[in-house]
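Structure record follows, encoded as structure tokens.
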Number of protein chains: 2
Amino acid sequence: MNKNMEHQFMPVKSVKRLSAYLCFLKSIGVKGLEYVSGAAIAEEFGFLPIQVRKDLAFAGVKGTPRRGFPTQKLTAAIESFLGWDNTQDAFLAGAGNLGAALTGYDKFEEELGLKILAAFDKNPRKFGSVMNGVEVLPIDKIGNLAKRMQVKIGIIAIPPEEAQAVVSIMTDAGIRGIWNFAPVNLHVPDSVIVENVGLSASLSVLTSRLREAVEMECASLTLKKLGE
Amino acid sequence: MNKNMEHQFMPVKSVKRLSAYLCFLKSIGVKGLEYVSGAAIAEEFGFLPIQVRKDLAFAGVKGTPRRGFPTQKLTAAIESFLGWDNTQDAFLAGAGNLGAALTGYDKFEEELGLKILAAFDKNPRKFGSVMNGVEVLPIDKIGNLAKRMQVKIGIIAIPPEEAQAVVSIMTDAGIRGIWNFAPVNLHVPDSVIVENVGLSASLSVLTSRLREAVEMECASLTLKKLGE
DNA sequence: TAGATTGTTAATCGATTAACAATC
DNA sequence: TAGATTGTTAATCGATTAACAATC
């Protein structure tokens with residue numbers, strides 16, 4: 001096994017930033033600007049230009065000195081790099097409010113290429129109903145159907161208590177990627193990838209930052225008073 | 001300005017992990033185990049014990065050698081550290097599917113202390129309706145009401161094109177924290193904190209990891225064949 | 001050409017991990 | 001006491017940033 005085989009993994013943070021750049025590029029793309037510089041992207045996000053250049057280098061686009069990056073090519077390159085240009089089929093576990101939000105959000109299919117083939121729920125009253133164009137089926141069928149249709153992505157939008165059982169069925173059925181919205185830590189085989197959305201964690205980051213800001217203000221206020 | 005004033009900011013990653021630990025601690029808390037070790041928590045998440053201990057040290061809980069951390073105290077300490085123990089009032093912009101998911105998710109109020117006081121929408125047909133116990137008001141009223149009620153947190157669950165305008169109204173009205181679900185980069189004054197949920201970014205991380213896994217398998221398969 | 005921007009190579013910084021002493 | 005686990009201090013690793021050469 002030689003060293004050249006070693007695969008360069010993409011840093012998670014770069015992937016996330018690239019996805020943000022893409023969003024921005026699409027918004028300026030409509031303005032018809034032929035080139036965009038790393039500095040311009042950096043400016044928009046408050047990053048340093050060198051960081052943007054590093055991220056873009058990962059995506060493998062070459063820029064032109066003095067001009068920047070060709071907007072169209074750059075957009076296409078990042079899209080391809082993030083895999084937004086080919087469709088991925090997914091099954092959604094949970095036809096509640098969150099499930100409705102996910103099926104109702106056209107951007108996932110149109111821009112990211114995530115095609116939610118069907119939703120699954122344990123509530124019999126929902127069976128056969130259509131949620132934003134996606135049919136709701138009994139949750140018991142999820143394993144067999146995933147295996148038969150070779151679906152590789154499962155979305156977890158069910159209560160945390162029920163999540164692990166469904167995930168196990170999914171992975172047994174050959175699902176390789178889990179997009180998890182439930183506040184539980186899921187256990188899966190090594191070959192399966194779990195991406196946790198972690199809304200509670202995200203909210204915690206916001207509130208802890210807010211508190212830090214308030215503390216800073218109090219501190220500088222006290223300092224000012226003492227200085228008077 | 002002496003060095004002692006310098007505030008130790010909490011690393012975002014530690015905050016996120018602590019929030020995950022909390023979820024796990026609550027689930028084992030019901031089992032009535034008096035102590036839990038860093039190693040046990042690490043095991044659950046596949047982390048190294050030292051990382052868990054480092055994170056817990058931030059939260060300021062003292063453990064007992066040979067026994068671990070007192071489950072109750074630890075849970076309470078992390079909750080307090082993350083601010084889950086005091087209520088925060090919030091306004092929600094957007095009464096669509098996502099807004100419904102957020103208002104319908106009781107955990108935010110019960111466990112994290114996030115109280116969504118009202119939802120705001122531009123669709124007149126929704127005015128006055130009640131969404132999971134939260135009243136829907138005209139979006140024009142969000143600024144005045146936020147100022148009057150001194151609301152400090154705003155949640156953005158509206159289309160990206162409309163987000164910046166509403167955010168500007170929010171920050172003018174004194175809102176200090178924005179929890180952003182819209183796929184746009186928001187511009188706010190320095191005193192305001194934005195936490196982006198970035199569902200597209202999250203999905204991109206999953207799909208790029210999946211692709212990396214597939215590539216690795218192909219590579220090792222090729223290698224195997226060559227070796228035969 | 002001159003100058004702005006890219007891309008590369010090196011330095012810095014912060015987070016993770018290791019080693020080990022302290023403690024119940 | 002012996003042994004397991006915490007907590008501290010140092011080493012490593014990876015990501016960010018700086019410096020600067022290459023290039024249009």
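Each chain gets a letter, A, B and so on, in the order the sequences are listed, and its residues count up from 1. Bear in mind that the values here come from a model prediction, so they are computed numbers and not experimental data.
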With DNA chain C as reference, determine whether Gly63(A) or Arg66(A) sits nearer its 5' end, using the nearest nucleotide of each.
-> Arg66(A)
Has [X] got a side-chain atom pairing as donor or acceptor with [Y]'s backbone, closer than 3.5 angstrom?
X: Thr75(B); Y: Thr71(B); result: yes
X: Asn180(B); Y: Val184(B); result: yes
X: Arg176(B); Y: Ser191(B); result: yes

Rounding to an integer number of Å, can you tell me how far [X] [atom1] sits from [N] [atom2]?
X: Leu56(B); N: dG7(D); atom1: CG; atom2: C1'; result: 11 Å
X: Tyr35(A); N: dA4(C); atom1: OH; atom2: C1'; result: 14 Å
X: Leu18(B); N: dA15(C); atom1: CG; atom2: P; result: 14 Å
X: Phe47(B); N: dA18(C); atom1: CZ; atom2: C1'; result: 18 Å
X: Phe45(A); N: dT16(D); atom1: CZ; atom2: P; result: 15 Å
X: Ile41(A); N: dG7(C); atom1: CD1; atom2: C1'; result: 15 Å
X: Leu74(B); N: dT5(D); atom1: CG; atom2: P; result: 16 Å
X: Lys16(A); N: dA15(D); atom1: NZ; atom2: P; result: 14 Å

Counting side-chain heavy atoms from CB outward, which of [options] is closest to [X]?
X: Ile50(B); options: dT6(C), dA18(D), dT17(C); value: dT17(C)
X: Lys62(A); options: dT17(D), dT8(C), dT6(D); value: dT8(C)
X: Gln51(B); options: dC24(D), dT16(C), dT16(D); value: dT16(C)
X: Lys54(B); options: dT6(C), dG3(C), dA18(C); value: dA18(C)
X: Phe69(B); options: dC24(C), dG7(D), dA10(C); value: dG7(D)

Compare side-chain N and O positions of Arg53(A) against OP1 and OP2 of dA4(C) and report whether any pair is under 4.0 Å apart.
->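 Answer is no, no contact under 4.0 Å.
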Given the side-chain rings of [X] and [Y], with only the six-membered ring counted for Trp, is the space between their centroids under 6.0 Å?
X: Phe91(A); Y: Phe120(A); value: yes
X: Phe45(B); Y: Tyr21(B); value: yes
X: Trp84(A); Y: Phe108(A); value: no

Could you check whether Leu48(A) gets within reach of a base, just the sugar-phosphate, or nothing at all, counting any heavy atom under 4.0 Å?
-> sugar-phosphate
Strand DNA chain C in bracket notation, Watson-Crick/G-U under 3.5 Å with | for pairs to another chain | ..||||||||||||||||||||||
To the nearest 0.5 Å, tell me how far Lys73(B) NZ sits from Thr64(B) OG1.
-> 8.0 Å
Start at the 5' end of DNA chain D and walk down; is the nucleotide closest to Pro65(A) or to Asp55(A) reached first?
->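 Mapping each residue to its closest nucleotide by heavy atoms, the 5'-most match is Asp55(A).
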